[in-house]
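Let me begin by presenting the structure, written as structure tokens, before commenting on it.
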2 protein chains.
Amino acid sequence: MKTTTVGRYLVERLEQCGLRHVFGIPGDYVLGFCDLIVASRQLQFVGACTEAGAAFAADAYARVKGLGAICVTYCVGGLNTLNAVAGAYAEKSPIVVMSGAPGLGERARSPLLHHRVKDFNTQRLIFEKVTVAAEALEDPATAPTQIEETLRACLRQKRPVYLELPRDVVDQPCAGPGPLVADRPARDPAALAEAIEEATAMLRRARRPAVLAGVEIHRFGLQESLLELVRRSGFPVAATLLGKSVISERHPNYVGVYEGAMGRGDVRRLIEGSDCLLILGAFMTDINLGVFTARLAVARTINATSESIQIRHHQYNHVPLKEFIDGLAGRAGRFRRPRRRPRPASTARFRPQKGRRLTIRRFFARMDEFLRDDTIVIADIGDSLFGAADLTIHRRTEFLSPAYYTSMGFAVPAAAGAQLARPGLRPIVFVGDGAFQMTGQELSMSLRHGLNPIVFVLNNEGYTTERFIHEGPYNDILNWRYHRFIETLGGGWGCEVRTEGELEEALATAEGHGREPSLINVRLDRWDHSLALERLGRRLARQGGLKPGRG
Amino acid sequence: MKTTTVGRYLVERLEQCGLRHVFGIPGDYVLGFCDLIVASRQLQFVGACTEAGAAFAADAYARVKGLGAICVTYCVGGLNTLNAVAGAYAEKSPIVVMSGAPGLGERARSPLLHHRVKDFNTQRLIFEKVTVAAEALEDPATAPTQIEETLRACLRQKRPVYLELPRDVVDQPCAGPGPLVADRPARDPAALAEAIEEATAMLRRARRPAVLAGVEIHRFGLQESLLELVRRSGFPVAATLLGKSVISERHPNYVGVYEGAMGRGDVRRLIEGSDCLLILGAFMTDINLGVFTARLAVARTINATSESIQIRHHQYNHVPLKEFIDGLAGRAGRFRRPRRRPRPASTARFRPQKGRRLTIRRFFARMDEFLRDDTIVIADIGDSLFGAADLTIHRRTEFLSPAYYTSMGFAVPAAAGAQLARPGLRPIVFVGDGAFQMTGQELSMSLRHGLNPIVFVLNNEGYTTERFIHEGPYNDILNWRYHRFIETLGGGWGCEVRTEGELEEALATAEGHGREPSLINVRLDRWDHSLALERLGRRLARQGGLKPGRG
């Protein structure tokens with residue numbers, strides 16, 4: 001029987017799963033494992049400035065490619081990733097967290113090794129809270145099984161997992177990996193058939209059916225199934241914010257992003273006025289639903305996720321989502337074909353007014369015409385997200401944003417992850433000034449690896465979302481000259497824009513800088529905002545019992 | 001009976017404990033509590049760029065002032081502090097982590113609120129792993145007790161605690177705080193007396209007694225007790241690296257930092273050659289002990305900490321450390337007075353050689369003459385720490401470094417915390433280039449608050465400590481122009497130095513810039529290093545079974 005070492009086993013499995021990059025930062029407890037990554041012909045070690053940046057990059061990589069991974073050292077590295085891993089957990093992004101750890105031998109000799117906290121289980125117990133599997137590979141005899149089960153949980157549930165590698169176990173011999181076995185989740189054919197029948201009957205009776213598609217369509221690669229269903233049924237399709245771009249936004253049946261009362265009225269009326277709403281692969285989160293302004297009557301809803309199919313007030317389990325969607329597509333001939341809905345009138349072509357001061361609304365209107373077929377839009381939290389919600393995404397899966405967990409700092413490091421996952425894409429990043437101060441240094445990762453994101457810092461001098469929820473001096477931040485960070489990095493190009501004319505020049509220059517990052521400091525008025533942000537701010541204030549900021 | 005609200009109760013107690021600053025970043029779940037901090041006449045809210053930076057700043061503040069605190073939002077804020085809080089736990093720094101959380105009412109209405117991970121307990125359960133108390137204030141009736149017990153645990157054990165504030169409980173009425181009650185930890189007078197007798201007898205018989213003082217002397221404010229013992233007994237005193245500056249390093253009895261085989265030979269011989277070593281308030285960690293090269297025979301050792309007194313192989317509990325030290329001082333007349341030890345010959349005055357390329361050794365030799373009475377030295381991890389270990393600190397408690405937990409990124413944000421804790425101090429910060437890429441943006445916090453640290457980036461183009469343990473491409477990082485970060489910030493002063501002459505000019509300029517931060521990019525050869533770093537690298541390599549980098 002083939003033998004290998006624990007570390008090589010893990011590396012080989014990751015390669016077989018299609019992984020090509022591992023993000024991370026070295027430390028003495030993980031250097032041996034880093035060597036295995038460097039030695040691998042398929043994996044590349046991608047150094048980040050911070051472990052949090054590595055984790056955000058791996059998350060974005062996973063969202064684009066299907067699996068991501070980070071390699072960090074014990075506690076001082078691993079604990080820095082907690083927030084980003086929690087976000088990946090919340091938004092179903094499958095990343096493998098690999099952390100070095102003190103060797104078993106050295107632990108026996110001393111209680112107080114550097115980087116240790118309470119005891120040697122501390123980091124693993126913490127990661128149990130934000131993963132679907134957390135294993136310490138302390139025995140070469142069991143390590144293969146632990147690795148198999150952990151990776152399976154990651155790929156099946158599309159959520160993060162944790163593997164801890166004591167440094168004196170990494171090179172221990174163990175049984176070699178067998179062929180990769182396809183995962184076979186539980187499947188109940190009778191439940192599947194009944195659910196399809198019942199849903200079909202509801203959809204047949206409906207006069208105003210509609211589809212609301214969510215993030216699981218991305219995660220489980222169900223875009224073709226969705227397209228086929230839409231093609232055959234003719235149903236109009238909206239997307240949740242987190243799931244934006246599940247379907248090309250140029251598709252004739254696509255109507256826009258549904259955001260409850262925060263979003264566009266025509267989308268809202270279509271979805272909330274539907275007498276049979278088919279929700280596919282979405283989480284009913286507060287931000288997605290415009291802070292519970294959604295009026296979605298359960299009695300009129302089919303809510304299908306990878307975890308269960310809910311039809312009105314009852315639920316079917318062990319029904320594979322893909323087969324459910326395909327089953328409905330197969331019966332689409334029986335559905336009432338909806339009246340052809342006129343698409344919203346095309347917005348007028350953007351005409352820049354040279355000396356006019358930029359506003360968020362005009363900025364995003366211009367952005368909608370700046371996107372290309374090779375663009376991936378990555379939006380951080382705040383108006384970066386809400387403004388981007390109405391952009392027309394040309395193809396599929398080219399919009400990333402942490403729209404449920406809503407952690408600031410995702411976008412700049414995510415740009416590196418997304419582009420390494422699919423090198424044909426060019427990232428356009430929208431990030432607030434507050435968020436740039438958090439992780440903007442990760443532009444260094446893009447520069448180092450020859451990537452070419454165009455980063456727009458939406459600079460209205462503070463935590464604008466918080467201002468609209470509730471104003472206070474804590475919402476102010478120092479006004480950096482963000483575009484000058486290029487000079488610290490020693491590469492890339494940057495500028496500051498205040499007017500529509502200056503933006504035009506910047507866009508032309510950025511497009512020309514095809515081999516390095518661009519960093520554009522978009523100066524906006526402190527109280528400038530999208531309508532969506534204003535509505536969200538008021539609702540979050542009301543929900544929290546706060547006095548909203550100036551609207 | 002006086003009544004107040006849960007939030008105001010907490011604010012009032014923190015004020016009574018002497019707190020004057022709270023570091024943090026706002027978020028919608030914590031805005032109401034932020035308002036209470038802003039409204040407080042004694043507390044100031046200090047915004048950081050990142051929650052990790054806020055936590056490092058609060059840790060440094062606590063090390064200087066005795067208590068520190070952070071205010072962050074749920075999960076996306078709180079989880080970002082995990083690493084820094086773990087470091088404060090490991091090194092006994094008393095910080096209060098206060099996190100907003102969803103209101104109890106809104107949780108009942110929805111399972112999927114933004115920022116949530118697995119369930120509403122997730123963050124608190126995680127913080128239980130890195131604190132000595134973690135409480136969610138979910139009931140105004142029990143909140144006062146929970147606050148009292150949590151703060152008591154923090155101040156008694158000198159370790160972090162966690163308080164979670166659901167936003168609809170913050171303004172709920174509760175009983176007002178009574179007068180602050182002094183803490184009375186368990187105390188066994190008989191054990192105290194016996195321990196003092198036994199230790200006295202050992203020290204009487206000793207021919208070569210010595211003292212090794214550690215970080216608890218700082219944490220528990222025992223510097224006067226230590227001084228008195230040293231004065232009366234005449235014993236020589238060394239410090240651990242984490243405890244450096246427990247005693248003024250100009251004190252005639254002070255011999256230097258003990259670092260096992262990593263440190264100076266004369267200190268090593270004194271401590272390891274002692275026939276009765278009195279260890280006061282120290283942790284026997286691997287970095288402190290030069291990675292277990294310490295030869296400290298337990299049979300010749302009295303090891304007294306806040307947790308127990310260990311004499312040879314037996315242990316006394318409930319013996320207050322201060323009373324133990326004072327008891328020994330009271331009996332010092334019975335000790336054999338050591339032969340007067342000649343102090344090491346004063347090092348020759350530093351004479352800069354104008355065109356000579358800088359080296360670590362020459363740099364720190366110059367630094368030793370740059371320190372003033374108002375200087376606080378803050379060293380990040382790596383040669384920033386090892387080089388700084390041999391600096392002569394003028395007064396007490398003016399050296400901070402995470403020398404046990406050894407997390408990179410501590411120093412730049414810590415400078416803001418330390419200076420706000422004691423405004424008469426001017427921080428001199430030594431930080432590696434890798435660590436600056438992690439948290440260097442927190443120089444913004446110092447600039448915003450009118451502080452004037454002098455930050456030296458020891459730039460040898462990579463993770464140098466890791467290079468010496470084991471070289472690999474992952475040890476390389478992008479070579480930023482660190483000094484130009486000043487231009488991104490829009491304030492402060494910066495320059496790059498390569499030679500001893502350029503360093504002299506920079507030092508003169510930095511001293512003159514008394515009202516704002518200075519940022520000096522010290523260009524060093526990639527393989528330049530202190531002797532201590534080389535020895536540490538070899539030992540960590542050996543411990544980890546790795547091939548060391550070039551030495």
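Letters A, B, ... mirror the listed sequences (proteins, then strands); counts begin at 1. Worth saying up front: this structure is predicted, and the values here are computed from it rather than measured. Atom set for the values below is all heavy atoms of this structure, side chains included, hydrogens, waters and symmetry mates excluded.
For chain A, no part of Ile486(B) is nearby; none of its heavy atoms comes within less than 4.5 Å. Looking at Leu31(B), both its backbone and its side chain come within 4.5 Å of chain A, counting heavy atoms on both sides. When heavy atoms are compared at a cutoff of 4.5 Å, Asp28(B) approaches chain A by way of both its backbone and its side chain. Proximity to chain B involves both the backbone and the side chain of Leu478(A), based on heavy atoms less than 4.5 angstrom apart. For a residue to count as touching a neighbouring chain, one of its non-hydrogen atoms must lie under 4.5 Å from one of that chain's; by this rule Val130(A) touches chain B with backbone and side chain alike. Neither the backbone nor the side chain of Glu91(B) comes within contact range of chain A, judged by heavy atoms closer than 4.5 Å. Using a 4.5 Å cut-off between heavy atoms, Phe45(B) contacts chain A through its side chain alone, with no backbone atom that close. For Ile25(A), the part sitting under 4.5 Å from any heavy atom of chain B is the side chain, from C-beta outward, and nothing else. Contacts between Tyr474(B) and chain A at a heavy-atom distance below 4.5 Å involve backbone atoms as well as side-chain atoms. For a residue to count as touching a neighbouring chain, one of its non-hydrogen atoms must lie under 4.5 Å from one of that chain's; by this rule Asp168(A) does not touch chain B. Residue Ala48(B) touches chain A through its backbone alone, counting heavy-atom pairs closer than 4.5 Å. Glu128(A) touches chain B through its backbone: at least one of N, CA, C or O sits under 4.5 Å from a heavy atom, while the side chain does not. Interface residue Leu447(A): only side-chain heavy atoms are found under 4.5 Å from chain B. Proximity to chain A (any heavy atom under 4.5 Å) is shown, for Ala52(B), by neither the backbone nor the side chain. For Tyr405(B), the parts lying near chain A are the backbone and the side chain together; criterion is any non-hydrogen pair under 4.5 Å.
Considering only heavy-atom pairs separated by less than 4.5 Å from chain B, the leading option among Asn80(A), Thr73(A), Ile37(A), Val46(A) is Asn80(A). The candidate from Ala541(A), Gly77(A), Ser444(A), Gly545(A) with the greatest count of non-hydrogen atom pairs under 4.5 Å with chain B is Ser444(A). Per-residue heavy-atom pair counts under 4.5 Å with chain A were compared for His470(B), Glu466(B), Arg448(B), and the maximum is reached by Arg448(B). The candidate with the highest count of non-hydrogen atom pairs below 4.5 Å against chain B, out of Cys34(A), Cys49(A), Gly24(A), Ala90(A), is Cys49(A). For the options Thr81(A), Val117(A), Val85(A), heavy-atom pairs under 4.5 Å to chain B are most numerous at Val117(A). Per-residue heavy-atom pair counts under 4.5 Å with chain B were compared for Tyr89(A), Trp480(A), Tyr482(A), Phe127(A), and the maximum is reached by Trp480(A). Counting heavy-atom pairs under 4.5 Å between each of Gly491(B), Ala84(B), Gly440(B), Pro26(B) and chain A puts Pro26(B) at the top. The residue among Arg167(A), Arg481(A), Arg484(A) with the most heavy atom pairs within less than 4.5 Å of chain B is Arg481(A). If you tally non-hydrogen atom pairs under 4.5 Å between each of Ile477(B), Asn121(B), Asp35(B) and chain A, the highest count goes to Asp35(B).
Of the possible donor and acceptor atoms, none in the side chain of Lys118(B) sits under 3.5 Å from a partner among the backbone N and O of Ala86(A). Asn83(A) places no side-chain N or O within donor-acceptor distance of the main-chain N or O of Leu79(B), the cut-off being under 3.5 Å. For Glu496(A) (side chain) and Asn521(A) (main-chain N/O), no donor-acceptor pair under 3.5 Å exists by modelled atom type. The backbone N or O of Phe120(B) sits less than 3.5 Å from a side-chain atom of Tyr74(B), completing a donor-acceptor pair. Listed for the Asp119(A) side chain is a donor-acceptor partner under 3.5 Å among the backbone atoms of Thr122(A). In this structure, Arg107(A) contributes its side chain and Pro102(A) its backbone to a donor-acceptor pair below 3.5 Å. Between the side chain of Lys547(A) and the backbone N or O of Glu471(A), no donor-acceptor pair lies under 3.5 Å. Looking at Asp433(A), its side chain does come within 3.5 Å of a backbone N or O of Glu461(A) through a donor-acceptor pair. In terms of modelled atom types and a separation under 3.5 Å, the side chain of His483(B) and the main chain of Leu519(B) share no donor-acceptor contact.
Rounded to the nearest 0.5 angstrom, Ile381(B) CD1 and Met408(B) CE are separated by 8.5 Å. Of the inter-residue distances, the one linking Arg116(B) atom CZ with Gln123(B) atom CD reads 13.0 Å to the nearest 0.5 angstrom.
Ion pairing of Arg467(B) with Asp476(B) is present here, as a side-chain N (NZ or NE/NH1/NH2) and a carboxylate O approach within less than 4.0 Å.
Between His115(B) and Tyr29(B), the two ring planes are perpendicular [angle over 60°; tilted spans 30° to 60°].
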| Worked verdict on Gln441(A) versus Gln437(B) for side chain to side chain contact (heavy atoms under 4.5 Å, CB included) | CA-CA 7 Å; Gln441(A) 69 259 55; Gln437(B) 291 194 5; 5.7 Å; no
